[in-house]
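Just so it is clear, the structure is predicted and the values come from calculations on it, not from any experiment.
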Amino acid sequence: MGEKNGEDVKAFLGKGAVFHGKLLFSESVRIDGDFHGEISGEGTLVVGETAEIKADIVVNSMAVSGRVTGKLEVKNRVEIFASGKVYGDLMTPTLVIREGGVFKGSIVMGDEPGDTG
């Protein structure tokens, strides 16, 4: 997704890498490994097919091809691709689930995250 929307990935956690902690970023980040903790950023979070993320996440947008579990607040758009799986609570104004993608949990959609009507 980073290349499709004109953003370059500035940080990368590769397949086989495991990270526990807090990630803060301002542009785009791609995760293909295992991440546990908190993720917060003003850019796009790209979740690769081999990624396993268990985190509370607050970002501008997300592209999910791997597995994400947690509480997610996404300010612009979430796209779950065919291999993507999202489990948890999601707040976002726009959600796209491609054929084969999985979402299990609760969702709140509105103009702004936290807007219930």
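Among the candidates K71, E73, M91, the single residue satisfying the side chain to side chain contact (heavy atoms under 4.5 Å, CB included) test with V58 is E73. When the options L23, V46, I39 are evaluated for a side chain to side chain contact (heavy atoms under 4.5 Å, CB included) with V29, the one that passes is L23.
Across all non-hydrogen atoms, the minimal contact from I53 to V47 is CD1-CG2, 3.7 Å. Across F35 and G21, no two heavy atoms sit closer than the pair CZ-O, 3.7 Å.
The distance from atom CZ of F103 to atom CG of L90, rounded to the nearest 0.5 Å, is 5.0 Å. Note: H20 NE2 to D34 CG = 7.5 Å, rounded to the nearest 0.5 Å. With rounding to the nearest 0.5 Å, the separation of CG in D89 from OG1 in T69 is 11.5 Å.
Side-chain contact between E42 and K75 is present, with heavy atoms from C-beta onward closer than 4.5 Å. Side-chain contact between V86 and M62 is absent, with no heavy-atom pair separated by less than 4.5 Å. Within the 4.5 Å cutoff, no side-chain heavy atoms of L72 are placed close to those of V78. For the pair V74/V59, a side-chain contact is recorded, criterion being any heavy-atom separation below 4.5 Å from C-beta on.
Criterion: ILVMFWY side-chain heavy atoms under 4.5 Å apart, direct or through other members. Under it, V96 and I80 are not part of a common hydrophobic cluster. Cluster annotation: I31 and Y87 are assigned to distinct hydrophobic clusters (Ile/Leu/Val/Met/Phe/Trp/Tyr, side-chain heavy-atom contacts under 4.5 Å, transitive).
With T50 contributing its side chain and D32 its backbone, the two residues share a donor-acceptor pair below 3.5 Å. The closest donor-acceptor contact from the side chain of D56 to the backbone of E38 lies at 3.5 Å or more, if one exists at all. Looking at S83, its side chain does come within 3.5 Å of a backbone N or O of S65 through a donor-acceptor pair.
When hydrophobic side chains of Ile, Leu, Val, Met, Phe, Trp and Tyr are connected at separations under 4.5 Å, L24 ends up as a singleton with no cluster partners.
Here E49 does not pair with K15 in a salt bridge; the nearest charged N to carboxylate O distance is not below 4.0 Å.
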